[in-house]
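A short worksheet on the structure shown next.
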Amino acid sequence: MALGDLMASRFSQSSVMVVSNHLDDYVSSTPEDTDLGSHGRNTEAASSSYVNATLSTSTSMAYLPQTVVLCELRHEAFETSVPTGPSESGLVSKWRPKERMKTGCVALVLCLNISVDPPDVIKISPCARMECWIDPFSMVPQKALESIGKTLSSQYERWQPKARYKCQLDPTVEDVKKLCTTCRKNAKMERVLFHYNGHGVPRPTANGEIWVFNKSYTQYIPLPISDLDSWLKTPSIYVFDCSAAGIIVNAFLKLHEWNAPSSGSTRDCIMLAACEAHETLPQSAEFPADVFTSCLTTPIKMALRWFCTRSLLRDSLDYSLIDKIPGRPNDRKTLLGELNWIFTAVTDTIAWNVLPHDLFQRLFRQDLLVASLFRNFLLAERIMRSANCSPVSHPALPPTHQHHMWDAWDMAAELCLSQLPSLIENPNVEFQPSTFFTEQLTAFEVWLDHGSEHKKPPEQLPIVLQVLLSQCHRLQALVLLGKFLDMGPWAVELALSVGIFPYVLKLLQTTTPELRHILVFIWTKILALDKSCQVDLVKDGGHIYFIKFLDSGEAFPEQCAMAAFVLAVIVDGHRRGQEACIEAGLIHVCLKHLQSSPNDAQTEPLFLQWLGLCLGKLWEDFTEAQIIGLQADAPSIFAPLLSEPQPEVRASAVFALGTLLDVGFDSCSEGVDGDEECDDDEKFRAEVSIVKSLLSVASDGSPLVRAEVAVALARFAFGHNKQLKSIAAAACWKPQANSLLNTLPSFLHRKGSGGGYTSQNRHMPHGSIIASQIGPILRVGNDSSAIVRDGRVSSSSPLASSGMMHGSPLSDDSSQHSDSGILNGVLDHSGPKPLDNELYSLCIIAMYALAKDPSPRIASLGRRVLSIIGVEQVVAKPFKSTAIQSSDATASHSHAGLARSSSWLDMNGGHLPLTFRTPPVSPPRPSYITGMRRVCSLEFRPRLMNSPDSGLADPLLGSGRTSGTSDRSFLQQSTIYNWSCGHFSKPLLTAADDCEEVLSRREEREKIALEHIAKCQHSAVGRLTNPIAKWDTKGTQTTLMHPFSPIVIAADENERIRIWNYAEATLVNNFDNHDFPDKGISKLCLVNELDDSLLLAASSDGNIRIWKDYTLKGKQKLVTAFSSIHGHKPGIRSQNVVVDWQQQSGYLYASNEMSTFLWDLDKEQLANTIASSSDCNISALAASQVHGGQFAAGFVDGSVRIYDVRTPEILVCESHPHTHRVGKVVGIGFQPGLEPGKIVSASQAGDIQFLDIRNHSGAYLTIEAHRGSLTALALHRHAPIIASGSAKQLIKVFSLEGDLFGTIRYYPTLMAQKIGAVSCLNFHPYQLLLAAGAADACVSVYADDNAQTR
């Protein structure tokens, strides 16, 4: 099965397995529903048909939602870790040979002295005589000597044709010295091979001297190894073919040990010797005399001759036939070529499996000749050990002569030899290829089915490498290799260390269409591990292969995404790669895909994501590419991607747009001609378009997207520093108007604004999205000129005397010179062309919002952006929000605004004081600034600023720079690219190993849940007044019980979350929701409660934070954080946002004074905004846990509404049940069971109303539970039971029929202490347990009377 098909089937399976959690997918298609959507009806008919339709969609699994959210790669500790992209060096690039070596010169020294035996040798008869397969006694000794020398030279040339060969036959010491010095001179820094045949001289001396001759051949002259070493120097390789050759190796090692301390470096010296120090060369006639040299230089011939005598075919084979094997060693389609190929694969495999990886790299991958000699050395060891002789090497190799791969070689050799007689007899007979490679690939496939990182690596990996050379096996080998690489980075590292890289690089030159998909996959895996390959790819033109693949449009979108990833890595920080890809037209290829229709299969999210990242990396810091992108109208092509459902796609689009922001401004000059002005206009329009696009996602639900917006705005702030600083300063220093900035989207989509440019004197409308999150205001009155003189503060001013100027811009001596380009409200045009000032204002608002983001990492990014435009934020430790007491400031007329703004601080929890470092001398005064008073403000807090607790939010911000920044290195780096690279490092073809474990845990929990649900629904409910656990803790605001562990979670007014185990009565964990608590936590929910649950904590200001590992002490991690509320009404003094979570739909509902916001947590996107049809605020909110998309809201005026986002009208019904004594609804919830229309509502006045939306005459049951003091209501999810709490230290438990089950007044103490004023109640989802929190006392857990007290 081709890998492309495998991938297709894998991806199609995965897409089927994913359970949809988008409501439009499961809107019922019953006739009632269709009718409901197409015809308007009266409310009664609508609500009853609505109920029937909803009931018809319910299933037995309605209680067990299948939706799982927030468990993607991006949620793995986004806050704490910044993942790295493909590595450039270090561990990963170990696979690369440190430096390629070449043997440039070969010195052959033959001391044979034919016909004269050395004195220390006694020869047997018959004796081994052949030297280089020549019988020296078959001709005149001198001729034989020359012939042997010439043959040896030609045998070596086969392994290294380009080297220089020099031969000395029976030489003197002087001859050897001359030979060595000449070779070293010619080789320069390359390796020199010194081959010594000492068969005609005595064995080496005990000191390691070898023997040569005197000129008259009357004496043997010793040649010290130290001399040889000094002539040949390093790098060098020695081959010693003589008896007791091990003595020479030992002498060399001693010599190097002595020299090493003085030289301080290890010499690159390799040695191969025929035998150990005490051994003599074999003399058997079955071997040649130079058996060691024959193994090293003619391995196939030597191996077959040796094997012939051991084979079953020995009777039918003749030695002479071996010399007639047809074919060429380099032609794999011939018998000789195939034998050579199999031999290489076998020896490579043995070496790779036996040697340490660094030694394998050095000996088998660095130098072609050295690699060949060592492969053949393995054969020499096998053959010579059969003759009781042990070849020696340095570096030493472990024994390999009994490795089981030799059996595979023997079998392949035997099959080849069996064909030999017929092939020689008839040259036309077709040669049958060996099954060796097919069998080895099968073995590799078996390993892939059962192997893993923790098992022994597959020994066939080097064979797979060799198979790539064969066209007939190549596709299968590549597919298996792809599967192996997919097992993880360790597998890629193994494959690279075995030498896969040059092979797959070369394959990019092929045009075979079948290989394209798998080659793209393999390169994806390689580049996900090691970025440094980008250089090799561009050098060999490999990038064109991937651009053509991308352009063809014939592949699956996932494969196109891989090609885009490969190209993104090629251009990542690599200028040559960027230039090459531009020349090949990559920009237009990518934009063409982005412009394809939405229904096109190519709009796979992963593909869109990588198209964005690839273009972003191509444009990054490369002006030429940016200009091409702008000319191709890239900003408008990317704009639609900002509303894609996948956060990664949105973040990549923001990243790409951000890289286009600082286009060509470095080269802008004042004197431009007409054409350049025209270009500037285009750039100007592009910047406006890009900035508007960025602002539209500045409050996106995903931190990944907002982080990219912050990075992009930093680039913008860098390019438009002066204009942004002047406007930020003006906003802080001019009188305040009561208007607020308009919401970002309405500005961005306002019609008739002349293409986004509004006149400077236009006032902005009311109601800012972000204004509510920005912070307090300082208002400086019109007579401030009495205080501020020449940009400094007079010493008599209240500002100075009260110490309020600490860190403020007015105390900065450089302030009167900073920004000299902005004078009298006129912007200096010598930098980038200024955009519309209204747009600058919106950018500053967005920057302030980012600086106060609930995600700490994004808040840090936002503070850096502000520091670029000269705004510093001083962050103090958590404090109680109290108005600033400053008699000087409040008494002075010029500071009348200070007290007012500090009270605004109380309401909004403005915890990030801002100081402006360098205001312009004369900021501009147009009217667009008036709306920013509430947004961009100086917040002076003398007590905090002078206290030791205060400090800069970020060390970077306190580095003494006074006028913003001009250092590009200060720009934050984007993280989306590195995040996204992690996807390709993980297995793509197989499901994760832990899938089965997750599923089994899920099934187990579902079983437990269903058992408990059945118990809750069918067993009698007890009094539920028996307290089984209690903890003293102050100020509890909300509680939550874990469904599958004996755990209760509580949060207090300071947003400290505490987690207790009520079975063991221990504190499991406690942590702060964030560092600057404001109003407490309004709601705690469990997300994915049937799986690995996450803890959702909703603060009263609408900020949502979701935690994982919350039950592990000190190890909790923030998964995501965002602000669920956009905008607030002018004049509203505080926000008490109500929130609820619905697992069925994956929706989070959040309501403030104006609207209810629907957040799709799967997409991390605002799905809908439902405007409140009432003038009063929502005070209680409940989402149905069985009907996705349905929720109920209770209002301050006592009214109740039910909504269903699946219906076109959304509002299903409205009721006013609390008419007797009107009080705000403090609790609301859906009754247990599958009926969608039954709810319970409790008002502050003390009455609890039971409603059924099919009955429009009002409540069908009323309980007067408490008199004017009801504070909390809880409904059990499955049991027919509710509980209400009172400020008068009382909890009552009722049935759904209104019967009072019990009352809780006292703690189980000896003194019968009364419980405190009840602040919150929460039932266990599947058991009859009730958690209650008292505002000033404790948290208790109650069970029925049979439960044991703890």
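Note that the coordinates shown come from a computational prediction; the quantities given were computed from them, not determined experimentally.
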Distance col, row Phe360:CZ vs Asn353:CG, nearest 0.5 angstrom, shows 9.0 Å
Residue pairs meeting ring pair (Phe, Tyr, Trp, His ring centres under 6.0 Å), one or both in residues 378-397, sequence neighbours left out, come to none
Can you tell me if Gln509 has over 12 outside heavy atoms packed within less than 6.0 Å of its CD?
yes
One should read off an interatomic distance between Gln160 CD and Leu369 CG, to the nearest 0.5 angstrom, of 5.5 Å
Checklist entry - Does the gap between the ring centers of Trp523 and Phe501 come in under 6.0 Å? => result yes
Indicate the ring-plane relationship of His256 and Phe252, choosing parallel, tilted or perpendicular according to the 30° and 60° boundaries. perpendicular
**More than 12 heavy atoms of other groups within 6.0 Å of Met130 CE** = yes
dist Leu496:CG -> Leu529:CG (nearest 0.5 Å) comes out at 6.5 Å
request  = Please examine the side chains of Met384 and Glu279, heavy atoms only from C-beta on, and report whether any two atoms are closer than 4.5 Å.
outcome  = no
Sequence neighbours excluded, the answer for salt bridge (charged side-chain N to carboxylate O under 4.0 Å, His left out) partners of Arg305 is none
The reported gap from CG in Leu193 to CG in Leu108 (rounded to nearest 0.5 angstrom) is 7.0 Å
Note: Phe307 and Asp410 closest approach over all heavy atoms is CZ-O, 3.5 Å
Q.
Using a strict threshold of under 4.0 Å (side-chain N to carboxylate O), is an ion pair present between Lys102 and Glu190?
A. yes
side-chain hydrogen bond (donor to acceptor under 3.5 Å, both in side chains) filter on Asp407, not counting sequence neighbours, yields none
Checklist entry - Any side-chain heavy atom of Leu527 sitting closer than 4.5 Å to one from Phe984? => result no
* Asked: Given side chains that start at C-beta, do those of Val467 and Leu441 come closer than 4.5 Å, heavy atoms only?
  -> yes
Rounded to the nearest 0.5 Å, the CD1 atom of Ile124 sits from the OG atom of Ser284 at a distance of 6.5 Å
Original post:
Mind checking whether Phe436 and Trp341 have side chains closer than 4.5 Å, heavy atoms only?
Top reply: no
Nearest heavy-atom contact between Leu494 and Ser497 is O-OG, 2.7 Å
* Checking side-chain contact (heavy atoms from CB on, under 4.5 Å) for the pair Tyr503/Leu469: CA distance, chi angles, key distance, verdict? -> CA-CA 8 Å; Tyr503 290 74; Leu469 299 168; 3.6 Å; yes
Could you give the side-chain donor-acceptor pairs of residues 344-352 under 3.5 Å, partners two or more places apart or in another chain?
| from | atom 1 | to | atom 2 | distance (Å) |
| --- | --- | --- | --- | --- |
| Thr344 | OG1 | Asn340 | O | 2.8 |
| Thr347 | OG1 | Phe343 | O | 2.8 |
| Thr347 | OG1 | Thr344 | O | 3.1 |
| Asp348 | OD1 | Arg375 | NE | 3.1 |
| Asp348 | OD2 | Arg365 | NH1 | 3.4 |
| Asp348 | OD2 | Arg365 | NH2 | 2.9 |
| Thr349 | OG1 | Ala345 | O | 2.6 |

Between the CZ atom in Phe240 and the CD1 atom in Ile247, the distance rounded to the nearest 0.5 Å is 12.0 Å
Q.
For the CD atom on Glu157, are there more than 12 heavy atoms of other groups (residues, nucleotides or ligands in this structure) within a distance under 6.0 Å?
A. yes
One pair to check against side-chain contact (heavy atoms from CB on, under 4.5 Å): Phe431 and Thr334. What are the steps and the verdict? CA-CA 7 Å; Phe431 152 67; Thr334 63; 5.8 Å; no
### Query
Do the side chain of Trp409 and the main chain of Ala303 share a donor and acceptor less than 3.5 angstrom apart?
no
Heavy-atom nearest pair, Ile522 first then Val504, reads CG2-CG1, 4.0 Å
Would you confirm whether Asp367, through its side chain, and Thr103, through its main-chain N or O, come within 3.5 Å as a donor-acceptor pair?
yes
Under a 4.5 Å cut-off applied to non-hydrogen side-chain atoms, are Leu485 and Ile500 in contact?
no
Practice problem: Return yes if some donor-acceptor pair links the side-chain N/O of Gln534 with the main-chain N/O of Val569 below 3.5 Å, else return no. | Solution: yes
I'd like to know if Arg129 pairs up with Asp290 as an ion pair, taking the criterion as any Lys NZ or Arg NE/NH1/NH2 lying under 4.0 Å from an Asp or Glu carboxylate oxygen. no
task: Verify the neighbour count for atom CZ of Arg310: are there more than 12 heavy atoms of other residues, nucleotides or ligands below 6.0 Å?
output: yes
For Tyr196, the ring-ring contact (aromatic ring centres under 6.0 Å, His included) test, sequence neighbours excluded, returns none
- Can you tell me if Gln419 uses its side chain to pair, donor with acceptor, with the backbone of Gln432 under 3.5 Å? yes
* Is any NZ, NE, NH1 or NH2 atom of the basic residue among Asp268 and Arg191 found under 4.0 Å from an Asp or Glu carboxylate oxygen of the other? -> yes
Nearest heavy-atom approach of Gln460 to Ala443 is NE2-CB, 3.5 Å
Arg164 meets the salt bridge (charged side-chain N to carboxylate O under 4.0 Å, His left out) criterion, sequence neighbours left out, with none
Query raised in the report: Does the pair Lys301 and Ser294 meet the rule for a side-chain contact (heavy atoms from CB on, under 4.5 Å), with working shown?
Result: CA-CA 8 Å; Lys301 185 172 181 177; Ser294 296; over 6 Å; no
Those residues at least two apart in sequence (or on a different chain) that pass salt bridge (charged side-chain N to carboxylate O under 4.0 Å, His left out) with Glu276 are none
Residues passing the side-chain hydrogen bond (donor to acceptor under 3.5 Å, both in side chains) test with Thr205, sequence neighbours excluded, are Glu209
Checklist line | Flag side-chain contact, heavy atom, 4.5 Å: Asp323 against Trp133 | finding: no
Taken in chain and number order and not counting sequence neighbours, the residues that satisfy ring-ring contact (aromatic ring centres under 6.0 Å, His included) with Trp231 are none
Q | Other residues, nucleotides, ligands: >12 heavy atoms within 6.0 Å of Leu368 CG | A | no
For residues 237-252, the side chain to side chain donor-acceptor pair (under 3.5 Å) pairs (sequence neighbours left out) are His199-Asp241, Asp241-Thr293
| message | Taking the side chain as everything from C-beta on, heavy atoms only, tell me whether Pro204 gets closer than 4.5 Å to Cys242. | response | yes
Here the pair of heavy atoms bringing Glu381 nearest to Pro399 is OE2-CA, 3.4 Å
Closest non-hydrogen contact found for Leu417 with Cys308 is CD1-SG, 4.4 Å
Residue pairs meeting ring pair (Phe, Tyr, Trp, His ring centres under 6.0 Å), one or both in residues 453-493, sequence neighbours left out, come to Phe444-Phe484, Trp447-Phe484, Phe484-Trp490
Hits for salt bridge (charged side-chain N to carboxylate O under 4.0 Å, His left out) against Arg203, two or more places apart or cross-chain, chain-then-number order -> Asp120
Exercise. Using the side-chain contact (heavy atoms from CB on, under 4.5 Å) rule, take Leu397 and Leu359 through it: C-alpha gap first, then chi angles, then the decisive distance, then the call.
Key: CA-CA 9 Å; Leu397 305 187; Leu359 187 59; 4.3 Å; yes
Is the shortest side-chain heavy-atom distance between Met302 and Pro288 below 4.5 Å? yes
